[in-house]
Amino acid sequence: MDEKYFAKKIEAKWQKKWAESGAFEVEISDEKPKFFQLEMLPYPSGNLHMGHVRNYAVGDAVAWYKRLKGFNVLHPIGWDSFGQPAEDAAVKRGVNPRDWTEDNIRAMRGQLERLGLSYDWQRQMYAHRKEYYKFDQWFFIKMFEMGLAYKKMTQVNWCENDKATLSNEQASGGICWRCGEPVTKKDLEQWFFRTTAYADQLIDDMEKIESGWPSHVIKRQRDWIGRSTGAYVDFSVKESGEVIRVFTTRIDTIYGANAVVVAAEHPVIEQNADRLSSEVITKVNEIKAEKLKPTDHEEEIEKDGIDTGLKAVNPFNGEELPVWVGNYVMMDYGTGAVMSVPAHDERDFEFATKFGMPIKRVVTSPGQEAIADEIVAAFTDYGLMVNSGEWSGKTSEEGKAEMADYAKANGFGEPATTFRLRDWGVSRQRYWGAPIPMIYCPDCGTVPVKYDELPVELPDNIAITGTGESPLAKVPEFYETTCPSCDGPARRETDTMDTFVDSSWYFFRYTDNDNEVLPFDPDTAAYWTPVDQYIGGDDHAVMHLIYTRFWNKVMRDIGLVKFDEPIKRLLTQGMVVGETFYDDATGKKIYHAPDTVAVERDEKGKITSVKAADGKELKFAIERMSKSKGNGVDPDEMVDVYGADAARLFVLFAAPVDNELVWHEAGIEGAVRFLQRVWRFVYKWKDVIGLGTNTDEVTSFSASAKKLRQKTHQTIRRIDQSLDTLQFNTPVAALMELANDLYDLKAEPETASPDEVVAVREALTSLILMMTPFTPHVAEEMFAVVIGNDNGILANDARFPVYDEASAKADEIEIAVQVNGKLRSRVFASPDADNSEIERMAKDDVKVREHTDGKEVVKVIVVPGRLVNIVVKG
RNA sequence: GCACGCGUGGCCAAACUGGCAAAGGCGCCGGUCUUAGAAACCGGAUAUUGAAGGUUCAAAUCCUUCCGCGUGUACCA
């Protein structure tokens with residue numbers, strides 16, 4: 001141990017030792033319980049950013065903590081290495097996507113290693129290598145065989161900026177998830193995975209993971225899947241006899257229907273085109289055209305529509321209702337048609353009001369005596385049914401259940417459940433992804449590639465233009481093939497898979513990453529999975545985390561796994577953000593680096609104005625850190641200046657993990673200072689706290705030594721609990737407090753009594769071991785001093801310190817005494833003193849009696865070990 | 001609009017199953033040391049816990065209303 005703390009030196013030393021000894025490489029073992037610690041895998045952009053550092057520092061803390069708790073910890077990392085940026089780099093700079101990707105992985109692995117993250121590097125997976133994507137294809141074919149992969153013509157979400165199709169999740173809110181530009185629609189034939197086949201399970205199985213997942217993620221997924229139960233009801237069209245099926249959650253209001261409203265794309269329009277006036281056709285086309293436009297998030301779309309002139313019959317009362325086209329009815333939810341009940345639905349009310357349609361009340365609130373004549377707003381609650389023929393007098397709940405059954409019994413409807421969730425569109429017209437392993441044969445139709453022909457390899461050295469067409473469609477050597485079933489000439493599918501396919505099952509591959517026959521061996525995976533703790537960004541709450549749950553259920557049905565849910569506990573970490581300065585006069589944001597602008601702040605530190613170097617007024621915001629915005633902090637630079645341990649400690653200490661972290665460089669020096677403070681203490685005491693000192697016979701402790709021991713054990717309990725509940729900022733504060741108390745002892749190694757040495761050794765050893773999850777390198781170096789060898793914490797089989805209640809307990813506790821809620825004195829009592837004894841002490845206290853003498857004591861509250869409150873009157 | 005979350009010293013934050021005089025870090029001020037500074041060590045100041053009501057012996061913590069900020073979501077029938 002050097003006298004001074006040289007972060008770089010000890011970090012290099014221990015990183016080398018860990019690598020050489022394979023300290024974090026694990027195998028299946030019966031001796032210890034397993035723990036699978038997983039962090040979301042990075043996209044190899046070439047640069048680690050602070051968000052990664054935060055994510056991986058947290059994950060590493062959990063991994064180390066669990067190791068010290070005696071678990072066999074699997075802690076792997078891999079590469080989400082398919083996707084757009086590689087292709088963009090190819091278009092812009094003419095580099096080969098594979099080379100670009102491999103280079104980036106090498107660079108980023110180096111960065112991760114310099115952070116000293118405790119990964120089992122042997123288990124890496126690389127999405128872009130054929131050994132991995134072979135099994136994306138394997139799964140695709142399995143799903144095709146199971147009827148879970150199918151092809152259909154659809155309007156896809158299309159991002160003009162990225163020249164890419166997007167899934168519904170990726171186009172949420174009409175905005176491209178990657179670039180933020182508006183999304184448009186385009187007709188394309190696409191492959192889909194039938195996620196809706198598992199919609200019920202995706203909702204119902206949430207109760208199995210609810211306790212370990214953040215409630216907001218559960219809620220968002222539930223909303224996203226959007227199950228709603230109701231009924232289908234068939235209205236027949238008088239003119240043509242065909243049926244318009246509507247979905248409703250409020251069949252109890254059907255007597256109040258004033259129209260059937262269909263989406264502009266509804267087939268009934270096309271089929272009755274010759275019966276419709278030109279005015280209607282024009283309006284229908286208008287609405288269709290409007291829907292193709294990108295959706296503006298802010299704007300509320302005004303209701304629009306037209307009466308088609310067609311009539312539909314309400315099967316419950318035989319009433320003839322007009323059929324309208326409405327812009328607020330969507331073809332891709334429910335049946336694309338609704339019954340309009342303006343008295344009990346806000347949208348229908350708005351629509352009916354605008355077009356002067358009749359409004360009839362059929363549900364009243366239970367207490368309501370008379371029905372008011374004028375209806376000023378929709379009443380959407382449940383209530384008592386009125387004006388509903390034979391159903392009048394029933395409650396909405398009764399009506400809902402009985403009327404759906406009645407419809408079914410009479411052949412014009414049935415109870416039904418619909419979902420907001422759509423099937424997962426996985427086709428991408430891109431090059432850098434897993435080729436979809438399907439072949440189109442003029443004679444046999446759509447045929448999957450044979451399993452033993454996998455992988456369908458991505459050809460190298462092809463022209464990538466970025467025009468939005470599948471690059472593989474221009475490569476005859478790729479798409480020209482023979483049919484697997486008839487051997488005739490055939491054509492391969494030239495689209496590739498969405499990269500969310502790769503990330504849906506990657507963590508299973510870690511358990512068995514060189515398997516050539518199966519994605520992974522089921523028995524091996526059965527030992528390690530499900531994932532015990534998953535940590536990653538909040539932004540994946542509905543995409544990745546629904547896909548991977550879906551995938552798990554498919555794997556279960558294939559027989560690869562036996563459980564329903566792949567992830568037991570989830571922690572979502574907040575973004576790392578920083579101040580940005582930009583000029584958007586041209587419509588596009590042009591960012592200025594922080595060191596090139598002049599910032600004025602008010603006395604609270606809030607920015608009041610920002611000027612560019614040329615004096616131009618700039619706008620400012622707090623946004624996700626990134627290089628392009630100029631607000632990025634380069635982890636490499638930070639590690640270089642302060643060391644990996646300090647960087648990691650600071651990131652964990654700065655804010656609770658699930659909070660957004662606004663990056664301010666100031667503060668990291670406090671982390672360094674703390675490490676140096678502990679280091680100096682260990683250095684000073686290194687000769688007396690080694691194992692050689694005989695301390696066993698120490699049985700009694702001085703007051704100050706006892707106090708230190710209490711603090712030590714209180715700290716052990718605090719940190720243990722914090723780490724168990726995934727809090728990382730508070731245990732760092734606890735470590736600092738313990739270090740402060742060590743200094744407060746004011747003992748010197750040369751003159752310390754044996755009991756002090758014992759107390760110091762206990763405190764220091766505990767402190768060092770508890771620092772390991774946060775700052776592993778410096779902990780290793782200091783632990784070597786305590787244990788007397790250089791083999792490392794794991795090789796020495798060290799464990800997290802154990803809390804001892806007796807040592808944590810004080811001889812005497814201080815009890816606050818209040819009179820009428822105001823603190824008046826304090827008394828000292830044994831921790832074992834009973835309430836009546838404490839009450840008596842409190843009442844006898846001189847300072848208390850000043851406030852109680854001559855007054856009537858109304859009540860005395862004793863909170864054991866904490867306080868006494870005496871309530872007096874007069 | 002709706003849903004959820006948050007508001008604690010200059011800044012980041014702890015305590016929130018109600019219970020002492022509200023942790024810790026950054027910053028600030030002072031002392032020791034030093035020719036001086038830095039570092040280190042020691043010490044110090046700074047909070048009517050967003051506002052107003054309410055419940056209680058007792059409220060940062062529970063309830064109501066309001067203000068401010070953030071996130072998600074948007075015609076889902």
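Worth knowing before you read on, the calculation uses all heavy atoms, side chains too, and leaves out hydrogens, waters and symmetry mates. Just so it is clear: chains get the letters A, B, ... in the order the sequence lines come, proteins before strands, and each one is counted from 1. Predicted model only: the values in this text are computed from it and were never measured.
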Take atom [atom1] in [N] and the same atom in [M], then report the distance between them in whole Å.
N	M	atom1	value
B:C67	B:C75	C1'	30 Å
B:A77	B:U17	P	36 Å
B:G70	B:U34	C1'	50 Å
B:G44	B:G27	C1'	14 Å
B:C6	B:C12	C1'	15 Å
B:G25	B:A14	C1'	11 Å
B:C16	B:G7	C1'	14 Å

**Request:** Find the distance A:Gln676:CD to B:A38:P and express it as a whole number of Å.
**Result:**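 Going from CD in A:Gln676 over to P in B:A38 covers 16 Å.
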
**Message:** Rounded to whole Å, how long is the line connecting atom CE of A:Met736 with atom C1' of B:G25?
**Reply:**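 Going from A:Met736 (CE) to B:G25 (C1'), I get 6 Å.
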
Need one value for [X]: base, sugar-phosphate or nothing, where a base atom within 4.0 Å counts as base even if backbone is also close, heavy atoms only.
X	result
A:Val329	base
A:Val871	sugar-phosphate
A:Met339	nothing
A:Gly670	sugar-phosphate
A:Glu346	nothing

For [N], which nucleotide in any strand shown is its Watson-Crick or wobble partner with both distances under 3.5 Å?
N	answer
B:U17	none
B:U46	none
B:C69	B:G5

**Asked** With under 30° as parallel and over 60° as perpendicular, where do the rings of A:Trp324 and A:Phe355 fit, or are they tilted in between?
**Response**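 Aromatic pair A:Trp324/A:Phe355 classed tilted.
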
Taking only nitrogen or oxygen atoms into account, show me every contact under 3.5 Å that the protein makes with nucleotides 14-16 of chain B, one pair per line with its distance.
residue: B:A14; atom: OP1; partner: A:Asn729; partner atom: ND2; Å: 3.2

**Message:** Go nucleotide by nucleotide along RNA chain B from the 5' end; which of A:Arg826 and A:Lys219 gets its closest nucleotide reached first?
**Reply:**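 Of the two residues, A:Lys219 wins.
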
**Item:** Nearest-nucleotide comparison on RNA chain B, the residue closer to the 5′ end among A:Asp223 and A:Ser228
**Value:**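 On the 5' side of the pair lies A:Asp223.
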
**Asked** Does the distance from a Lys or Arg side-chain N to an Asp or Glu carboxylate O, for A:Glu350 and A:Arg347, drop under 4.0 Å?
**Response**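 A:Arg347 and A:Glu350: not salt-bridged.
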
**Prompt:** Would a line drawn from the ring center of A:Phe316 to the ring center of A:Phe412 be shorter than 6.0 Å?
**Reply:**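 Yes, the ring of A:Phe316 comes within the 6.0 Å limit of the ring of A:Phe412, centre to centre.
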
**Item:** Check: A:Trp685 ring centroid to A:Phe681 ring centroid under 6.0 Å
**Value:**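 Between A:Phe681 and A:Trp685, which both carry aromatic rings, the centre distance is below 6.0 Å.
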
**Prompt:** For A:Lys400 and A:Tyr382, does a side-chain donor sit closer than 3.5 Å to a side-chain acceptor?
**Reply:**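 Yes, side-chain donor-acceptor contact under 3.5 Å.
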
**Request:** Compute whether any side-chain donor of one residue and acceptor of the other, for A:Tyr333 and A:Ser228, lie under 3.5 angstrom apart.
**Result:**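 There is such a pair (donor and acceptor under 3.5 Å, judged by atom type) between the side chains of A:Tyr333 and A:Ser228.
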
Just wondering, are more than 12 heavy atoms of other shown residues or ligands nearer than 6.0 Å to [atom1] in [X]?
X	atom1	answer
A:Lys707	NZ	no
A:Lys809	NZ	no
A:Glu346	CD	no

Between the protein and nucleotides 41-44 of chain B, list the N/O to N/O atom pairs that are separated by less than 3.5 angstrom.
residue: B:C41; atom: OP1; partner: A:Arg677; partner atom: NH1; Å: 2.8
residue: B:C41; atom: OP1; partner: A:Arg680; partner atom: NH2; Å: 2.9

**With sequence neighbours excluded, residues passing side chain to side chain contact (heavy atoms under 4.5 Å, CB included) with A:Lys219** =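 Side chain to side chain contact (heavy atoms under 4.5 Å, CB included) check on A:Lys219 returns A:Asp223.
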
**Asked** To the side chain of A:Arg420, which of B:G25, B:A77, B:A74 is closest?
**Response**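 So the nucleotide nearest the side chain must be B:A74.
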
**Closest to the A:Ile861 side chain, choosing from B:A77, B:G24, B:C57** =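 My answer, after comparing the listed nucleotides, is B:C57.
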
**Asked** Given side chains that start at C-beta, do those of A:Gln573 and A:Val58 come closer than 4.5 Å, heavy atoms only?
**Response**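 No. Closest side-chain heavy atoms not under 4.5 Å.
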
